[in-house]
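First the proteins, then the strands, lettered A, B, ... as listed; each starts at 1. Being a predicted model, the structure only gives us computed values, none of them experimental.
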Amino acid sequence: MKPNSFALRTPDSLEEAIGMLQEFGDDAKPLAGGQSLVPLMNFRLAQPEVLVDLSRIPVLTGVSHEESGALRVAAMTTHRALEMDASVTTSWPMLGDALPLIGHVGIRNRGTLGGSLVHADPAAELPAVCLALDARMVLQGGTGTREVPAADFFRSYFTTAVRPEEILTHVHFPPPGQRSGQAWLEIARRHGDFALVGVAATVTLDPSGVCQDVRLVVAGGGATPVMVPDVVERASGRQPQPELWNELAEHAGAALSPADDLHATANDRRRLIRVLTRRALTIVADRLDGRGA
Amino acid sequence: MIATDRDEAALVGQSIPRNEDQRLVRGRGRYLADVVVPGCLQAVFVRSSIAHGRVRSIDTAAAVALDGVVAVLTVADLPHVPLVDGVQIDGLRRTPQSALVHDHVRYVGEPVAIVVATTTAMAEDAADLVFVDCEPLQAIADVDQAMDPDAPLLFPELGSNCVYRGARDHGDAERVFAGAAHTFTKSFTSHRSAAVPMETRGCIADFDSGSGRLEVISGTQSPHLLRRKLAVCLELGEHHIRVLVPDVGGAFGQKIPASPEEVAVALASRHLGRPVRWIEDRRENLMAAPHAKEQRITLSLAMDADGTFLALKADIVGDAGAYSFNSASALIEPYVGAGLLPGVYRIRHVAAAITAVVTNKSPIAPYRGVGWTATHSVRELLIDEAARALGMDPVALRRRNMVGTDDFPYDSATGMHYDSGSYVACLDTAKELTGYEEFRRRQAALRDEGRYVGIGFSPYVEPTGWGSEGAQQSAWSFASHDTVRVEVQPSGHVLVFCGTPSQGQGHATTLAQVVADAVGVTMDGVRVIANDTDATPVSIAGTRASRVAVITGGAASRAGATLNRRLREVAAALLEADGQDVTLSGGVASVVGSPDTSVTIQQLAAAAYFDPALRSRIPEPDLVVSQFLDPKATYSNGMIAAIVEVDVETGQVHVDDLVAVEDCGTIINPAVVDGQIRGAVAQGVGAALLERMVYSDQGQPQSTSFVDYLLPSTTEVPPIRIAHHCSPSPYTVNGVKGVGESGLIATPAAVANAVADAMGPFGVVIDELPIAGGRLADAFEVDAAVTAGGQ
Amino acid sequence: MHTISLHVNDEPVTANVQARTSVADFLRDDLGLTGTHLGCEQGACGACTVLVDGVSVRSCLVFAAQLDGARVTTVEGLEGPDGALHPLQQAFRDCSGLQCGFCTPGFLMSAAELLDAISQPDERTIRETLSGNICRCTGYQGIVEAVQTAAAACAPPRSWSHPPTPPTTHETVD
């Protein structure tokens, strides 16, 4: 299980990296943490001719907090660095929930936020989390920079809006709203495995304490992370109570069309969507109440 | 029993830290891939991508032209005698297997060609360029398809895909069933799994055309068996083949058979006149290395009105994969499994129909617990179902039917002579350790809170050691005697030569303990050599079947005892004492009653080898002893108990507690025994909940990476509490019994019974292993819907 | 070919490597450090775990050419200069934390990283941290106990890395 021969380029700057992608076109592939790409290469399921290693580009690493309260994470920031950063996990508890469930420590030490998003495994945690948190992806290419909202970023299985000559440089997380709570919950066959189903839930209350906004995003429910449709409509103005969570859970289970695989049937997944949605919303409600971590 | 004087300082029975660990924890073990052989080429196999077909042509031109490629060889380049199993059972049909496919491809992953290059990466580059043109045939993916009269045949010359059909009947089960107060029946599937050692298979073959000798370095469990198979396939004398075994990273049965790949690598080395190494990669290991434990069983139990077990009837179909594999045959699962149907219970009537068929899947070979895991699991599940149906306590039901402490020796209905044991005591201990009565109260309380916990018990008896008599009692043809040679060197150090290498079991320590005690020396003066067929006595069986402690250890102990006697004679001569009055212990021989009159092992050895004066008193002071041993059958026993919690909404099973109560007679090294139990129990957790080799209906393997074949990790295996009972075998040297496999025989049923117990309110029947969590949640959902509908 | 200079177990190394050579193959084949074992080559079993700049990585999923300037610690670098076993190595032996030994180097490196970060981890933390390392022999209990034992024996944890020494070209490997 050795990869095929390839050329490795190690640019020092973003411009240089983009130049290389332009030069080599479809033959080239950016290498982030390599925790998804390299296994595929070892199986020879991916056979790039040129790898552009992004690990030596200083601007691609680091976390910054903007005055607005938003979070800006450079794409090559590792899962582990985010996981250990209390300024991230305290304000975005959904990230705090999800990050420790990505693979194992040795994977998280090397795997990156950007790598996970661009790989776009529909069962992965971070694509779903970014969608739920309304993250915006900052892409840089030969002609400049553009931002793509998470809702437009994930196109299909392992397919994103990133163009061949573009690099995902940053991910922008808007500040968590007032009276807003969030949680990630998943079920995997073993600790650290890809989730059979994962559910990201956010709830925002209005000043009177009724639901103003509820978002549900499911991993493992389709070809991309899926935002459950028609949730706000059902939740808006309702009391944040178990009856609503049950109703939304039934709705989420019915709204999605997950697939069979070795580890779970489509029916199993629908059930898990239902159960995890209810449980995730319950956790969010507890957090909004100041109960539970 | 042992002939030496046993003293307080006996090493047998102590948890001596293992000799091998000093190297291994430093990363200085030397596994196959670590061995440096100058000029060694690397081999990669081109494997079939289809399950069933006829090879039309193999185009190697592009591959051969690649830089670094030395050769791309097919069977046309490497003529040889095919591999065939050696099991002697009437009615078993042979399915000879060529090391490289001739023209009929029978499973995905079957080796078609061997690419030899200067590096593995280059060989893989070339393998990608070999084009195998096949005419596809309909793939046989399961036993029903295989037995369809219109099914295409894997071996047209046999006229059927069924390679064995037979019966093992003991007593008169039909009559007893007809008159029984209660009968219970269940259908059960033990899905295909695999041993998955952390170090994959592989070998280095180096044929010396000058001498005509072949040297093979392999992680085999049975170096003499591999030598024998290579001798047949390559038409060489066994004296011209040397098999060496490096450190081995686990095996669990998968490295017992000679692999077709090993034969092909040896052939390639002979063809090229150069050393060739093959290191299996993980994808190959999951796809093409032998699989295990696939059986479909229907089992019926007859009981009388008060809950006494009367009879068992079983219909067992084994899916052998594409070949009745060399060394253990298609019968390793269904036939062997049938022998242990009565288990620990007094059941006098047993009837088993046994069928083995070939299918287009990787061949089945031994994996820890061989055929027993499946038959044991279905029996223990059925007992719990019977108890539930009759409203009886499953533990009490087992207890009343167990072979009692006073019943030993006990002859089972299937012909096994249980030498000694502690079945009831192990049950009672497990009950106590799990706090059974208290657990039942807790279980009821938790159910009221909507939490579902359950407990499962799984008592086992395991044939271990396997001398000729044990093989006969299992109706299995198996040469399982050993010869061990023990030599005191001129320095006084002791070498133990045996043909049973370790794959992690710690033979270098445990056999040294046995020999040190028997000879009467300290352990640091003893070294075990088990890795070189040129140096060691023949052990055809090698390391398997929980036999090394009993047979190798027993022979080593006897040889050591002989040496002890001879050394005491030397000591008596040197000390001018009577031999009867001399003891030898801890490397010092002294005269009873006058401890100051002593002589060291170094002095004794020096005298034996070099002192002409001694020769006049002892004409043949031979300090080399070879000992043959073919012991009577012996059976270890115990109980696994599991407590689980099921998340009924999701079907997730969490194993909360595992208790293993075991009795393997005299224990040589408790830490090693506990390690064997914990490791096997962990594999049992995998078998119960995670591990399954899935094939598509086209015979395509789906579980060919560690993302799809799931091994239990630290978070799935809870701490395993162990308790011991000790019923020494009356028949074996030192009363030792084997211990390696029972954890994997009994744990799956313990976990599955616990799951069924937890799910009791929802009427769940476990009819397959591993358990599919989704089906548990289905049952809960159906029940919830019924309940809701009824309100 | 890529020329890299790095430190491996505190020894400076300069080497030429092909782009496709993994760190694991580089350590094993070029440097002869065969304590790092390959169990799956897909990052799932953890047997090949080494420390790169103090953190654990799957050496089958990193290319040697990416290591220029890195500090790598392998299992061979755990023991003291006098050959004394690292407390983890000693504890693995004392607690039956290994049988065949194939997965052991990976467990040792993962555990070393853990004890460097948390001197007295509880059992749950140990189990979660080591869940990416697969052992097929022991059932894990001896491994978990070994980490607990080593933690108790070496609080504060003993350091396995030493002050950097400047790289000098003393070895060239093709």
Side-chain angles (χ1 to χ4, degrees), chain B residues 15 17-18 20-31 33-34 36 119-121 195-200 247-252 279 281-283 502-506 658 671-672 674-683 685 705-707 711-720 743, chain C residues 18 20-21 25 28-29 32-45 47 74-79 83 85-86 88-90 92-105 108 123-124 126-145:
Chain B
S15 290
R18 302 194 323 163
E20 35 284 79
D21 294 349
Q22 280 284 358
R23 289 181 300 111
L24 300 180
V25 297
R26 293 175 195 270
R28 299 192 199 281
R30 204 161 65 134
Y31 301 87
D34 310 336
V36 176
T119 71
T120 303
V196 196
M198 293 317 296
E199 185 196 24
T200 56
D247 284 321
V248 180
F252 315 110
I279 303 293
D281 68 37
R282 183 56 66 188
R283 182 164 166 267
S502 169
Q503 299 82 41
Q505 299 91 335
L658 284 167
V672 168
D674 287 358
Q676 285 293 311
I677 292 166
R678 290 202 169 97
V681 168
Q683 289 175 334
V685 171
S705 81
F706 276 165
V707 172
L711 299 172
S713 80
T714 46
T715 41
E716 287 71 50
V717 183
I720 298 157
Chain C
Q18 286 194 331
R20 68 164 154 176
T21 301
D25 283 342
R28 293 178 48 78
D29 299 342
L33 295 171
T34 55
T36 298
H37 299 146
L38 284 168
C40 72
E41 296 182 277
Q42 67 169 112
C45 80
T74 71
V75 67
E76 290 92 343
L78 278 184
E79 62 193 59
L85 293 179
H86 184 283
L88 275 166
Q89 291 172 312
Q90 185 63 49
F92 267 62
R93 184 171 189 235
D94 293 343
C95 300
S96 300
L98 70 155
Q99 287 180 29
C100 81
F102 196 79
C103 70
T104 309
L108 287 167
E123 181 179 342
R124 184 178 166 169
I126 294 169
R127 285 187 177 267
E128 287 193 0
T129 304
L130 298 182
S131 64
N133 291 76
I134 301 293
C135 169
R136 196 59 161 157
C137 293
T138 64
Y140 300 108
Q141 192 162 340
I143 293 171
V144 173
E145 287 171 5

> Looking only at heavy atoms and a cut-off of under 4.5 Å, which of Gly506(B), Gly29(B), Gly743(B), Ser705(B) has the most pairs with chain C?
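With the most close heavy-atom pairs to chain C, the winner is Ser705(B).
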> Quick one: are Phe102(C) and Pro197(B) in side-chain contact, heavy atoms under 4.5 Å?
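No. Closest side-chain heavy atoms not under 4.5 Å.
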> Evaluate the side-chain proximity of Arg136(C) to Pro712(B): yes if any heavy-atom separation is below 4.5 Å, no if none is.
yes
> The test is side chain to side chain contact (heavy atoms under 4.5 Å, CB included); show your working for Gln99(C) and Gln505(B) and say whether it passes.
CA-CA 6 Å; Gln99(C) 287 180 29; Gln505(B) 299 91 335; 5.9 Å; no
> Would you mind checking if Glu79(C) and Arg28(B) are paired as a salt bridge, meaning a charged N to carboxylate O distance below 4.0 Å?
yes
> Between Gln18(C), Arg20(C), Glu76(C), which shows the greatest number of heavy-atom pairs under 4.5 Å with chain B?
Arg20(C)
> Using the side chain to side chain contact (heavy atoms under 4.5 Å, CB included) criterion, which residues pair with Cys40(C)? Sequence neighbours excluded.
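If we apply the side chain to side chain contact (heavy atoms under 4.5 Å, CB included) test to Cys40(C), skipping adjacent residues, the hits are Arg282(B), Phe706(B), Gln42(C), Ala44(C), Cys45(C).
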> Between Gly250(B), Ala671(B), Ala121(B), Ala682(B), which residue shows the highest count of heavy-atom pairs closer than 4.5 Å to chain C?
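Highest number of heavy-atom pairs under 4.5 Å: Ala121(B).
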> Report the option among Gln683(B), Arg18(B), Arg283(B), Gln503(B) that has the most heavy-atom pairs separated by less than 4.5 Å from atoms of chain C.
Arg18(B)
> Go through the steps to decide whether Leu130(C) and Thr714(B) satisfy the test side chain to side chain contact (heavy atoms under 4.5 Å, CB included), and finish with yes or no.
CA-CA 7 Å; Leu130(C) 298 182; Thr714(B) 46; 4.1 Å; yes
> Who wins among Cys100(C), Gly35(C), Gly97(C), Gly101(C) for the most heavy-atom pairs under 4.5 Å with chain B?
Cys100(C)
> Given a strict heavy-atom distance threshold of 4.5 Å, which part of Val36(B) is in contact with chain C: side chain, backbone, both, or neither?
neither
> Quick one: salt bridge (charged side-chain N to carboxylate O under 4.0 Å, His left out) pairs with a partner in residues 32-42 of chain C, sequence neighbours left out?
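Residue pairs with at least one partner in residues 32-42 of chain C: Lys2(A)-Glu41(C).
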> Please lay out, stage by stage, how Val25(B) and Gln90(C) fare under the test side chain to side chain contact (heavy atoms under 4.5 Å, CB included).
CA-CA 8 Å; Val25(B) 297; Gln90(C) 185 63 49; over 6 Å; no
> Under a 4.5 Å heavy-atom cut-off, does chain B meet the side chain of Arg28(C), its backbone, both or neither?
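Side chain only.
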> Got Arg26(B) and Pro105(C) here, is their nearest side-chain heavy-atom distance under 4.5 Å?
no
> Would you check, one step at a time, whether the test side chain to side chain contact (heavy atoms under 4.5 Å, CB included) holds for Arg678(B) with Thr138(C)?
CA-CA 6 Å; Arg678(B) 290 202 169 97; Thr138(C) 64; over 6 Å; no
> Any heavy-atom pair between the side chains of Ser713(B) and Tyr140(C) that's under 4.5 Å?
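When only atoms from C-beta onward are counted, Ser713(B) and Tyr140(C) do touch, with a gap below 4.5 Å.
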> Answer with side chain, backbone, both or neither: which region of Leu108(C) has an atom nearer than 4.5 Å to a non-hydrogen atom of chain B?
side chain
> Counting only non-hydrogen atoms closer than 4.5 Å, does Val196(B) touch chain C with its backbone (N, CA, C, O), its side chain (CB onward), both, or neither?
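Answer is both: backbone and side chain atoms of Val196(B) are under 4.5 Å from chain C.
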> Relative to chain B, which of Glu128(C), Arg124(C), Gln89(C), Arg93(C) shows the most heavy atom pairs under 4.5 Å?
Arg93(C)
